[in-house]
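Report on one structure; see the data block that follows.
Each ligand, and each atom within it, is numbered from 1 in the order the structure gives. If you're wondering where the values come from, they're calculated on a predicted model, not measured in any experiment.
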Amino acid sequence: MSKQFGWWFFTCGNQVLVIPQGERIPYGDIEDLPLPELDFTQVERFASYKGEACLRLELSEAIDLGMGEWIDLRSSMSVLTGPLFNLVGKAQQFALFLKTHRFCGSCGEALERVDWELAMQCGHCGFRAYPRISPSIIVLISDGRKVLLANHRRHQKQEQPIYTAIAGFVEAGETLEQTVHREVHEETGIRVKNVSYWRSQPWAFPHSIMAAYFAEYDTGEVNIDRRELADAQWFDYSNLPHLPPTGTIARDMINHWLGQKTNE
Ligand SMILES: [Zn+2]
């Protein structure tokens with residue numbers, strides 16, 4: 001069965017199975033993988049990678065599969081390539097969507113799986129549900145040699161506090177650019193100008209997509225929102241604090257900006 005050949009994404013809640021070899025995601029024919037008895041009727045093709053099928057199977061327990069180890073999604077960022085990390089996020093979010101959309105949010109009847117796209121449909125009232133995706137923005141603010149980086153309250157307790165770009169969720173009815181201006185002002189008290197879109201990154205914590213922007217300082221004094229941030233400071237590019245890990249769009253943005261500064 002061609003359906004059983006490809007890249008295997010075994011997930012269990014927020015965990016994924018990785019192997020020590022190659023690209024770290026099991027690859028091959030199901031017959032050749034050293035797997036115990038699993039319910040392969042639940043295997044689903046959900047994407048493709050390098051021209052081959054991506055197959056996912058959500059397990060109810062992180063059992064020993066006879067190969068590799070279970071790691072959490074966040075840790076997988078440091079061992080997988082960017083595209084594979086995004087595919088793990090996709091597999092995990094599909095599984096979560098199916099688990100949390102069993103009943104109609106409108107009339108309460110059981111939902112049924114739509115067979116041609118990833119959705120759940122109510123046969124009673126027609127309501128259709130799709131996996132939730134929450135757009136957010138992340139913005140790196142610079143002023144000449146300096147960049148504004150913030151330490152979030154949730155990172156505060158770490159031994160070496162991480163300083164990163166300003167980020168926040170898009171509210172209903174907002175453009176992404178309006179979100180940039182609102183979040184920057186709410187969290188730091190300053191105003192920015194020359195806001196320009198850079199690129200985006202799906203971010204499965206929990207179900208976001210981050211749109212990254214660069215912006216320049218315009219006016220105001222830094223005055224942080226203490227409910228969100230523990231600190232925010234201007235840092236000279238020659239003397240940056242502890243930064244977010246490689247693989248995050250925040251780190252990519254800081255590296256991109258640094259590359260421009262050092263070439264000036
Ligand atoms: Zn319904």
Side-chain angles (χ1 to χ4, degrees), residues 1-17 25 30 37-49 52-63 65 70 72-74 76-77 83-138 154 167-180 182-183 186 200-211 227-228 249:
M1 273 196 298
S2 62
K3 189 186 166 195
Q4 308 284 37
F5 184 90
W7 301 89
W8 289 87
F9 293 77
F10 296 103
T11 58
C12 178
N14 71 348
Q15 301 195 85
V16 59
L17 185 91
I25 292 292
I30 194 62
E37 291 295 307
L38 293 174
D39 182 6
F40 287 106
T41 62
Q42 300 300 312
V43 170
E44 181 178 48
R45 180 181 175 147
F46 70 98
S48 60
Y49 177 66
E52 299 289 352
C54 293
L55 304 152
R56 62 168 200 89
L57 183 60
E58 168 78 3
L59 306 185
S60 53
E61 268 182 88
I63 56 168
L65 290 183
W70 292 97
D72 69 48
L73 183 58
R74 211 172 264 275
S76 76
M77 185 168 61
L84 280 174
F85 171 65
N86 289 344
L87 285 165
V88 170
K90 187 171 188 171
Q92 191 256 346
Q93 286 177 84
F94 278 16
L96 182 66
F97 167 69
L98 296 174
K99 194 188 285 180
T100 55
H101 289 77
R102 292 162 51 226
F103 297 95
C104 179
S106 181
C107 77
E109 291 291 314
L111 294 178
E112 288 157 22
R113 184 73 194 266
V114 176
D115 61 10
W116 58 276
E117 62 176 352
L118 191 83
M120 296 292 279
Q121 170 98 22
C122 178
H124 183 69
C125 76
F127 175 82
R128 186 176 280 200
Y130 294 91
R132 183 170 160 197
I133 302 170
S134 304
S136 61
I137 60 87
I138 181 161
R154 64 180 179 278
F169 285 105
V170 178
E171 290 182 352
E174 267 183 341
T175 66
L176 299 174
E177 291 74 17
Q178 285 172 329
T179 310
V180 168
R182 179 182 54 75
E183 282 288 339
E186 281 176 5
S200 63
Q201 182 183 42
W203 192 243
F205 309 105
H207 37 66
S208 183
I209 173 138
M210 313 239 278
R227 289 168 302 182
E228 299 264 342
I249 200 162

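- For the pair SG of Cys107 and SG of Cys125, the angle whose vertex sits at the Zn ion (ligand 1) is 120° to 10 degrees.
- Using cut-offs of 30° and 60° on the angle between ring planes, the pair Trp8 and Phe10 is parallel.
- Taking the Zn ion (ligand 1) as the apex, the angle formed with SG of Cys122 and SG of Cys104 is 110°, to the nearest 10 degrees.
- Metal site remark for the Zn ion (ligand 1): His124 contributes no N, O or S atom at a distance under 2.8 Å.
- For the residue pair Lys90 and Ala47, the shortest heavy atom distance occurs at NZ-CB, 4.3 Å.
- Summarising the local packing, CZ of Arg128 is surrounded by more than 12 heavy atoms from other residues, nucleotides or ligands at distances under 6.0 Å.
- For the 3.5 Å distance criterion, the side chains of Thr11 and Gln92 fail to qualify, holding no donor opposite an acceptor.
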